[in-house]
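For reference, the structure is listed below as structure tokens.
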Amino acid sequence: MTVEEPITMDFIRQMVAEDLRTGRFGGRVHTRFPPEPNGYLHIGHAKAMSIDFGVARDFGGKCNLRFDDTNPAKEETEYVEGITADIEWLGHDFGDKIFFASDYFEQMYAWAEMLIQKGRAYVDDLSAEEIRDYRGTLTEPGRNSPYRDRTIEENLDLFRRMRAGEFPGGAKVLRAKIDMASPNMNLRDPVMYRILHEPHHRTGDAWCIYPMYDWAHGLEDSIEGITHSLCSLEYEDHRPLYDWFLDELGIYHPQQIEFARLNLTYTVMSKRKLLQLVNEKYVRGWDDPRMCTIAGLRRRGYTAESIADFCERIGVSKANSLVDIALLEHCIRQDLNERAPRAMGVLDPIKVVIDNYPEGQVEWFEAENHPQRPEMGTRLAPFSRELYIEREDFMEAPPRKYFRLYPGNEVRLKYAYYITCHEVVKDSEGRIVTLHCTYDPESRGGTTPDGRKVRGTLHWVSVAHAVDAEVRVYDYLFTVENPSDVAEGETFLDKINPDSLHIFEGCKLEPSLAEAEAGDRFQFLRLGYFTVDPDSVRGHLVFNQTVNLRDTWAKIQQR
RNA sequence: UGGGGGCUCGUCUAACGGUAGGACAGCGGACUCUGAAUCCGUAUGUGGGGGUUCGAAUCCUCCGCCCCCAGCCA
């Protein structure tokens, strides 16, 4: 008999559980994830999906993937394909069907006529500016449109002619007749349909009137039998309208529940801003590894599992929050620490000559692919008289506690030998070119018979066997935690980090990496986790740094 | 001075009238053939004032601060 652990559910799951208990939806749980195909998905969508698909999964229900494609002016097939690929990569189960709001246009139209018949909707000839003017302000009520009291017959006739394409774009709209004095702006006769002579990516030129979000969304949910329509906080004010349409129509009525969207430090999370970064070439594309898009994170080397883990850890609530990106980094480090094979690579090489090592000799040392998982096996790394080590791993005049290589100091070359530095060779500009060292043959394999300790262990690559590579190392795209929080006259673009990309061209990797393929992930010892970029071509490997290793030494240095 | 939401460690989030807990970040230490991983330890929090109660983060009340809404975007 175990002690019963109290299960703590977030507020959404508590509401769903309550509906299940009372039998409100006949014991069903059916959610939906409704992206608009006007951009790529980002980590904020990953949170939304974690909730939408996660609630369905946890209660044995379903979650529909539904494209909310009601605005042909902004939407493209490219985006539906990209979004679908991202969702599949994340591993969410949307069954064997993809839903589209545009599939319901005919039904929505019929319901609109029904509302007109009920005297609950009317065709308005006011211009966009006039409508805005008539709407009033936050503190003053709006005024009724002069067209508000047209007869049902006239409204029906006009609406049908709208559909038939008799009017130019913007000439007329269909509005719900609710209350121009409502303190909730959304209820001041919201627009249901606008005229848009634009081809739609799925319906082509079948329509020239398109439904607005508020009108369409509840209908989509109703048609699909959604039980819980989960969305972000800004729709809280729209819920009365969501409910109003469904109630007026007298059709199946899901429950809308709102939660706080994700904000992450050092990045922006709006599709508008991400699009701008892409269009104005601040980044290389939607999948630039510095972007918080799913495609960007994937190219950066993040795993779907680490993103799912992150989404669970941040929780669900209604409080606006700004999550520390360190948590995301923790999640990917934890995942990759478990699964990434180890390898040695030198980003910024400096040559080491082991003077007392026989010329022409090569020894192959066995290196473990994972220190905690012997089942991942071993590989052989060639050692010879000339090696590369990391420029950072040598200092002529080291500070206290520096236990890497410096003149007179002995360090271990991982898996190989202890070496001691005796001479530093510089070029005419004072830049270190070569380090002359000696090795201790007794230290073969990395330990000595006398058991003496060395504080430093360095990674290395044999000059003669090295594989050349380009390595891209990234920093945050922005210099401040919240780039959207700017002073008068500034924009998020003013917070861009000019130094977010560092390209290391002449990197030297151990030869076992020669056959690595795009998407493969490794831990480069002492440096971090890296993944092979699709830019790689035969003979020119390109790696992205996913995330560095925790670096205690860097912290000590900062002090 | 309209309406809708929200305020718990630095950050995110639990606690649903009964010991304010976890995670990340931080700090200290152990271990280490990765200054990684791992292990151990540790500081920091209920926005403020009243009230109800044996007992309040939780209920009531007043105040403060933050977010959202005036698209023919979603």
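Proteins get letters first, then strands, A, B, ... in listed order; numbering begins at 1 in each.
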- Query: What do the steps show when you test Tyr193(A) against Val173(A) for side-chain contact (heavy atoms from CB on, under 4.5 Å), and what is the final call?
  - Reply: CA-CA 6 Å; Tyr193(A) 278 94; Val173(A) 291; over 6 Å; no
- Go through the steps to decide whether Thr378(A) and Glu366(A) satisfy the test side-chain hydrogen bond (donor to acceptor under 3.5 Å, both in side chains), and finish with yes or no. CA-CA 6 Å; Thr378(A) 60; Glu366(A) 185 171 44; 2.8 Å; yes
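Just one of Glu76(A), Lys271(A), Lys74(A) meets the side chain to side chain donor-acceptor pair (under 3.5 Å) condition when paired with Asn38(A); it is Lys271(A).
Using a 4.0 Å heavy-atom cutoff across all strands shown, Arg239(A) reaches no nucleic acid atom at all. Among the heavy atoms of the strands lying under 4.0 Å from Thr447(A) is at least one base atom, whether or not backbone atoms are also near. Residue Leu327(A) is classed as a sugar-phosphate contact, given heavy-atom separations below 4.0 Å to backbone atoms only. Residue Glu140(A) is classed as having no contact, given no heavy-atom separation below 4.0 Å to the nucleic acid. Heavy atoms of Tyr402(A) sit under 4.0 angstrom from at least one base atom. Using a 4.0 Å heavy-atom criterion, one finds that Arg333(A) contacts no nucleic acid atom at all. Looking at heavy-atom distances under 4.0 Å, Ile314(A) makes contact with sugar-phosphate atoms alone, never a base. Within 4.0 Å (heavy atoms only), Gln523(A) reaches at least one base atom of the nucleic acid.
The neighbour count for Arg261(A) CZ, taken as heavy atoms of other residues, nucleotides or ligands under 6.0 Å away, does not exceed 12.
Contact annotation: side chain of Arg313(A) to base of rU13(B), donor-acceptor pair absent below 3.5 Å. No hydrogens or angles were tested; on distance alone, nothing pairs the side chain of Glu329(A) with the base of rC24(B) as donor and acceptor under 3.5 Å. On a pure distance criterion of 3.5 Å, no polar donor-acceptor pair joins the side chain of Gln372(A) and the base of rU38(B). Residue side chain Arg455(A) does not reach the base of rG35(B) through any donor-acceptor N/O pair under 3.5 Å, judged by distance alone.
Non-hydrogen atoms lying under 4.0 Å from RNA chain B are contributed by Val316(A), Ser317(A), Lys318(A), Ala319(A), Asn320(A), Ser321(A), Leu322(A), Val323(A), Asp324(A), all within residues 316-325 of chain A.
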Atom pairs under 3.5 Å: protein N/O with N/O of nucleotides 42-48 of chain B:
none

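Every side chain to side chain contact (heavy atoms under 4.5 Å, CB included) that Asp450(A) has, sequence neighbours left out, goes to Thr448(A), Arg452(A). Remark: Glu78(A) pairs with Tyr40(A) by the side chain to side chain donor-acceptor pair (under 3.5 Å) rule, at least two apart or across chains.
Aromatic rings from Tyr104(A) and Phe99(A) are positioned such that their centres are separated by 6.0 Å or more. The six-membered or imidazole ring of Tyr439(A) lies away from that of Tyr418(A), with a centre-to-centre distance of 6.0 Å or more. Phe530(A) has its ring centre no less than 6.0 Å from the ring centre of Phe522(A). Taking the six-membered ring for Trp and the full ring otherwise, Phe394(A) and Tyr402(A) have centroids separated by 6.0 Å or more. The six-membered or imidazole ring of Phe543(A) lies near that of Phe524(A), with a centre-to-centre distance under 6.0 Å.
In this entry the distance linking CG of Asn482(A) with P of rC12(B) reads 11 Å, nearest Å. At whole-Å resolution of the value, CG in Leu525(A) and C1' in rU32(B) are 13 Å apart.
Taking the P atoms as reference points, rC63(B) lies 28 Å from rG45(B), given to the whole Å. Remark: the separation of the P atoms in rG6(B) and rA20(B) is 26 Å, to the nearest Å. Using atom C1' as the reference point in both rC9(B) and rG22(B), the two lie 11 Å apart (nearest Å). Only the P atoms considered, rC24(B) is 11 Å distant from rA37(B), to the nearest whole Å. For rC68(B) and rA15(B), the P atoms lie 27 Å apart once the distance is rounded to whole Å. Separating the C1' atom of rC40(B) from that of rC31(B) is a span of 11 Å, rounded to the nearest Å. A gap of 15 Å separates the P atoms of rA74(B) and rC69(B), to the nearest Å. Rounded to the nearest Å, the gap between the C1' atom of rG51(B) and that of rG17(B) is 15 Å.
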- Expected string for nucleotides 69-74 of chain B under the B/S/- scheme (protein heavy atoms, under 4.0 Å, primed atoms plus P, OP1, OP2 as sugar-phosphate) is BBSBSB
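A donor-acceptor pair under 3.5 Å links the side-chain atoms of Asp189(A) to the main chain of Ile178(A), judged by distance alone. Put simply, the side chain of His45(A) gets close to the backbone of His42(A): a donor and an acceptor are under 3.5 Å apart. Judged by distance alone, the side chain of Tyr210(A) and the main-chain N or O of Glu198(A) form a donor-acceptor pair under 3.5 Å. Checked by atom type and distance alone, the side chain of Glu481(A) never pairs as donor or acceptor with a backbone atom of Thr265(A) at under 3.5 Å.
Taking side-chain N and O atoms only, His330(A) has a distance below 4.0 Å to OP1 or OP2 of rC24(B). Look at Ser182(A) and you won't find any side-chain N or O under 4.0 angstrom from OP1 or OP2 of rG3(B).
For the residue pair Asp69(A) and Ser102(A), a side-chain donor N or O sits within less than 3.5 Å of a side-chain acceptor on the partner.
Side-chain atoms of Arg526(A) lie closest to rG35(B) of the nucleotides rG35(B), rC27(B), rA14(B).
With a glycosidic angle no more than 90° from 0, rG71(B) adopts the syn conformation.
The 5' end of RNA chain B is approached more closely, in terms of each residue's nearest nucleotide, by Glu236(A) than by the other of Ala416(A) and Glu236(A).
Stem regions for RNA chain B, each three or more consecutive Watson-Crick or G-U pairs with both distances under 3.5 Å and listed by first number, read B:2-7 with B:64-69, B:10-13 with B:21-24, B:26-30 with B:38-42, B:47-51 with B:59-63.
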